Number of protein chains: 2
Amino acid sequence: MANIKDIADLAKVSVATVSNVLNNRGRVGEETRKKILKIVEEMEYKPNRVAKSLKMNKTHTIGVIVEDLSVFNAPEIIDGINEFAEENDYSILLTNLRLFKKFGNQFPDVDTYKEMVMPLFHQLLSNQVEGIIYIGIHRRNVSGILPESNTPVVYTYCDTSNDTDISINYDDYKASFDATNYLIKKGYREVALISGLINSESALERFNGYCKALMDSSIQFNPNYVKTGDWEFESGYMMAMDLLKEEKRPSAILAMNDLMAGGVLKAAKELNLDVPGELAIFGFDNREISSYYTPKLSTVSLPLHDMGERSIKTLIDVINGNNIKTNKIKLLCELIERDSS
Amino acid sequence: MANIKDIADLAKVSVATVSNVLNNRGRVGEETRKKILKIVEEMEYKPNRVAKSLKMNKTHTIGVIVEDLSVFNAPEIIDGINEFAEENDYSILLTNLRLFKKFGNQFPDVDTYKEMVMPLFHQLLSNQVEGIIYIGIHRRNVSGILPESNTPVVYTYCDTSNDTDISINYDDYKASFDATNYLIKKGYREVALISGLINSESALERFNGYCKALMDSSIQFNPNYVKTGDWEFESGYMMAMDLLKEEKRPSAILAMNDLMAGGVLKAAKELNLDVPGELAIFGFDNREISSYYTPKLSTVSLPLHDMGERSIKTLIDVINGNNIKTNKIKLLCELIERDSS
DNA sequence: CTGAAAGCGCTTACAG
DNA sequence: CTGAAAGCGCTTACAG
């Protein structure tokens, strides 16, 4: 590959002048500029970013640590990051903890965890990334996982307990409220809830949103209408079976993810309940699968792409020393109405 | 961040010696080595890879161009790339064409295409990546998309018509043969096929594998048993309806992807056919969704992770000047037997 | 308007 | 065993 010296020699000017032309800096004569640009074109010269980075002490590179790339939320978030990065000429260095692959739903203890993250983190720092985006698998507290450093970090799809850390998430409370409220307004007043494991931030907030919607419509909270699953299809099926055998069975079930909602659908079929005539079903996450159920599942769409975009946007703001208004950002979800409600 | 000079000053040695210690090169006294290492530890010194890259003319960085990160095959392939990269201390620079997002299933013409790829490609070259992995959405011919360059490229989940280009794919022919043969051996001799769009390499090879399996069992090929869908759920449903209304209806249907197989399942339910008693169904791709159908879908698992791993492994071999035995590599798929067959 | 020179943080051939 | 110095490909303050 040609370098700036080659171009300078060919144009019979100094490297300084070539650099000035390339970066539209300093006064350069029109003649000289044209001559240089022509040669740059001909030689297909591409500036060496590595050299530039070293000199400028700025790599225009963002590091991404994703807990598990193959979990459904990750690609869409990174897609948002990529889009913004491309538009703003940032490069993305991707590292993958492969957490789910290694541990399934069992999270390792913090120390094992830190040990796993350390090498990725150091690799990124060695590469002089200007900032790091950490993408969680679940919305949970990842305090203390990343070592201290003065490289700015933005957390997304997770959070820390530190108020000064920046995180981008979606509003679980509001989404759950909206979904419940939507069902009620549709006339389904006996809305049951199948929760995910309650060690999750999301599950808690969604529960609260559900309660609030009931309250707002003066519907008495019925503890028999709340079941706890484990986020998996099977648990949705089992909990639905329980719910639908209640003497006064619910007219709608809100499941905290699309997998469990699938289980509900299966239960409804087995019990020959018409969906949505006799039972409305609402999911959460808008995973690809939700549109392939029969009937197609109504669900809550997560703003994953926007979370990615917002993460890198915010991170770059921090890098540039701009003021961030709020450290804990929550984006809104969207209700997707399909055939199950 | 501390640099090598800081360490040298603190240890009262030259930067050369620090460098030698850090890279286990040259004779260094045990005392000196220990002293330096201690200071390195204390200061949490991490060598600046950018500087090292510039000096060594080697970045230990691989560029990935993925046609669309949110299409199902991409994350798993990249997962394989990441795993190998981490083990071998390579960094991954990720770029995303967002092709499906922008165009859906309509591929743009080659020129539009090239225009989209160009900036990503140049960004990677500017960053001095040592090689590039190009990940397709579909197995198709992407000849002429990437500009000429002497940076080595490995194509995966796609190919070019150039024999000297390296590509990593899976064996469609064999997979389809195996699936068909499996059904026959299970006693389903009337095996129908729902193909995807026949402009696809995969569809063609899978068709051939299907025919070969019939032949090997001396089963007459029945043209009425082959239908062409468009890879989508709905088309699977419609084609299955056609097939199942044949006077002599097939006892098994092999669909060329899990989405269309889902449509087949839906058709079978509507016609009250017992699966797998009266009709066996076999899918392709082992997408997440396949294990959530009821009954769970038997399908062909694609070696995505291995394709990623093999891609980077091969690429690094090329970078290091090692001999590659074959340029067109095909990995084997695996039959996943579940409840639909 | 243009160029010579210093310097970013490393590595390495060479001298001592 | 250790260090001085050159150089990787850029940018930039400064001089002319």
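Throughout, a chain's letter reflects where its sequence line sits, starting with A, and its residues are numbered from 1. Owing to the predicted nature of the structure, the values given are computational and were not obtained by experimental measurement.
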How far apart are the C-alpha atoms of A:Thr112 and A:Asp109, what are their side-chain angles, what is the distance that settles it, and do they pass the side-chain hydrogen bond (donor to acceptor under 3.5 Å, both in side chains) test?
CA-CA 6 Å; A:Thr112 317; A:Asp109 61 83; 3.0 Å; yes

Which nucleotides of nucleotides 6-16 of chain C have their base under 4.0 Å from a protein heavy atom (B), which only their sugar-phosphate (S), and which neither (-), written as one string 5' to 3'?
-BBBBBB----

Salt bridge (Lys or Arg N to Asp or Glu O under 4.0 Å) between A:Asp89 and A:Arg49: does it pass, once the steps are laid out?
CA-CA 12 Å; A:Asp89 203 27; A:Arg49 276 244 205 179; 3.0 Å; yes

What is the ring orientation for B:Tyr157 with B:Phe72, classed by angle as parallel under 30°, tilted 30 to 60°, or perpendicular over 60°?
perpendicular

Take the angle between the ring planes of B:Tyr134 and B:Tyr155 and call it parallel below 30°, perpendicular above 60°, tilted in between.
tilted

Heavy-atom donor-acceptor pair, A:Ser143 side chain to A:Ser161 backbone, under 3.5 Å
yes

Let's test your reading of the pairing rules: Watson-Crick or G-U wobble, both distances under 3.5 Å, then write DNA chain D as a dot-bracket string with ( ), [ ], | and dots.
|||.||||||||.|||

Lys/Arg-Asp/Glu bridge criterion (N-O < 4.0 Å) met for B:Glu67, B:Lys102:
no

For the residue pair B:Lys58 and B:Ile319, what are the closest heavy atoms and their distance?
NZ-CG2, 4.5 Å

Regarding A:Asn48 and A:Asn3, do their side chains bring together a donor and an acceptor under 3.5 Å, going by distance alone?
no

Given D:dC1, is OP1 or OP2 found less than 4.0 Å from the side-chain N or O atoms of B:Thr32?
no

